[in-house]
Amino acid sequence: MHVSADSFAHRLLSWFDGHGRHDLPWQHPRTPYRVWLSEIMLQQTQVSTATPYFLRFIERFPTLPDLAAATTDHVMAHWAGLGYYARARNLHAAAKVCVAEHGGELPRDFDALHALPGIGRSTAGAILSQAWNDRLPILDGNVKRVLTRFHGIAGWPGLPAVEKQLWALAEQHLRDVPDGRLADYTQAQMDFGATLCTRAKPACVVCPLQDDCAARRDGLVAALPTSKPSKILPEREAVALWLENADGEILLQRRPETGIWASLWTLPQADTDSDMRDWFAREMKGTYDNAEELPVVVHTFSHYRLHLQPLRLRKVALRDAVRDNDDPVSGTGQALRWVARGDLATLGLPAPIRKLLSAVIPA
DNA sequence: AACTCGGGGGA
DNA sequence: TCCCCAGAGTT
């Protein structure tokens, strides 16, 4: 427990005093209705985009009862272009509930506020902390990014297990916030994430948290937060040949200078068994049909998943001995080279190939 | 736990 | 082009 002056919360507040945003439209005046409207508009929407909408909206619907009394078409017309239109419908419905059940005002109570359509845990916390200085945590994209980096939390933040952990950390830091500064702390977190601890190129060199940031310490700033797993990874298949000569040396082939595994040494590889067979007949002496099928190697790249079928053949020889060297070959093929087992470890083998050959690579 | 909503901006 | 953004509701 550190309620000391250099806690996470204290450093964030000090930074906010000097570098935070203090002139956003919904901060003057910072009424519950205006804070609510801003929080809804800013869901999945950047400040620069939402601001002109906020100004037009608040001019046309200055108070919560004004909004409640408006027609759906009128409300939607002022939202048009912002996207996520369920936000506007929920906003309008919530305003009517406030008039009907809460005296025309936004509920002061967390559970009542949370029960309104369009207001989840984070938005409820943001509204009450900013409007009333209540001690409540928020967990938006900014806070998720800051916490995953500061604490070195791996795993996509959308995963329930990761999100639960982040809520716990948000609550933990909240205890260090001085009374009366909860509104500023909420704003500080969002400003910090939006302007300093940004997704790309964060300003770590001027960061007040840099000395205790796990991502900074471990070189994981660019890797955190863990990005959302891509949906459908294309599946590709390929065949690789594990060929050995009479001396037990292994035949490697240099990859092209561009593309996957550029310029690395790998096993001779082809997209199909047919292509692999043609390559073998062209380059090698021996019988392809005797190849031993090894277990398929699965390797995932950023943009596709490769299923590699290794085939092993012993005591084969190159058809053209002249190509038995490590010089690039002009023309269609890539350089071929027999490599002694003891020398495998010194070459730049791709990880899955190294793993495949690990049985014959000296430790 | 996965899906949907959406226009805008940056890499 | 893809990913992400001051998320929440639905299935």
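Every chain is numbered from 1 and lettered A, B, ... according to where its sequence line falls, protein lines coming before strand lines.
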*Student check: side-chain heavy atoms of A:W156 and A:E163 closer than 4.5 Å*: no
*asked:* Is there a side-chain hydrogen bond (donor to acceptor under 3.5 Å, both in side chains) between A:Y288 and A:D273? Walk through the geometry before answering.
replied: CA-CA 10 Å; A:Y288 185 83; A:D273 185 71; 3.0 Å; yes
_Taking C:dT11 as the reference, what is the distance to B:dG6 when you measure between their P atoms (whole Å, please)?_
15 Å
*Determine the Euclidean distance between corresponding P atoms of B:dA1 and C:dA6; express it in Å to zero decimal places.*
24 Å
_Evaluation steps, ring pair (Phe, Tyr, Trp, His ring centres under 6.0 Å), between A:F192 and A:F16_ = CA-CA 8 Å; A:F192 185 77; A:F16 173 74; over 10 Å; no
_Atom-pair distance (CH2 on A:W79; P on B:dC5), nearest Å_ = 17 Å
*asked:* Strictly under 4.0 angstrom, non-hydrogen atoms only: write out the protein contact profile of nucleotides 4-11 of chain C, one letter per nucleotide from the 5' end, B, S or -.
replied: SBBBSS--
*Passes ring pair (Phe, Tyr, Trp, His ring centres under 6.0 Å), A:H173 versus A:Y185? Steps please.*
CA-CA 10 Å; A:H173 291 306; A:Y185 181 66; 8.1 Å; no
_Over all strands shown, is A:A126 touching base, sugar-phosphate only, or nothing at heavy-atom distances under 4.0 angstrom?_
nothing
_Can you tell me how the ring of A:W15 sits relative to the ring of A:H19, calling it parallel under 30°, perpendicular over 60° and tilted otherwise?_
parallel
*Please map the stems of DNA chain B, keeping only stretches of three or more Watson-Crick or G-U wobble pairs with both distances under 3.5 angstrom.*
B:1-5 with C:7-11, B:7-11 with C:1-5
*asked:* Tell me whether the NZ or CZ atom of A:R34 lies within the 45° cone about the ring axis of A:W26 and under 6.0 Å from its centre.
replied: no
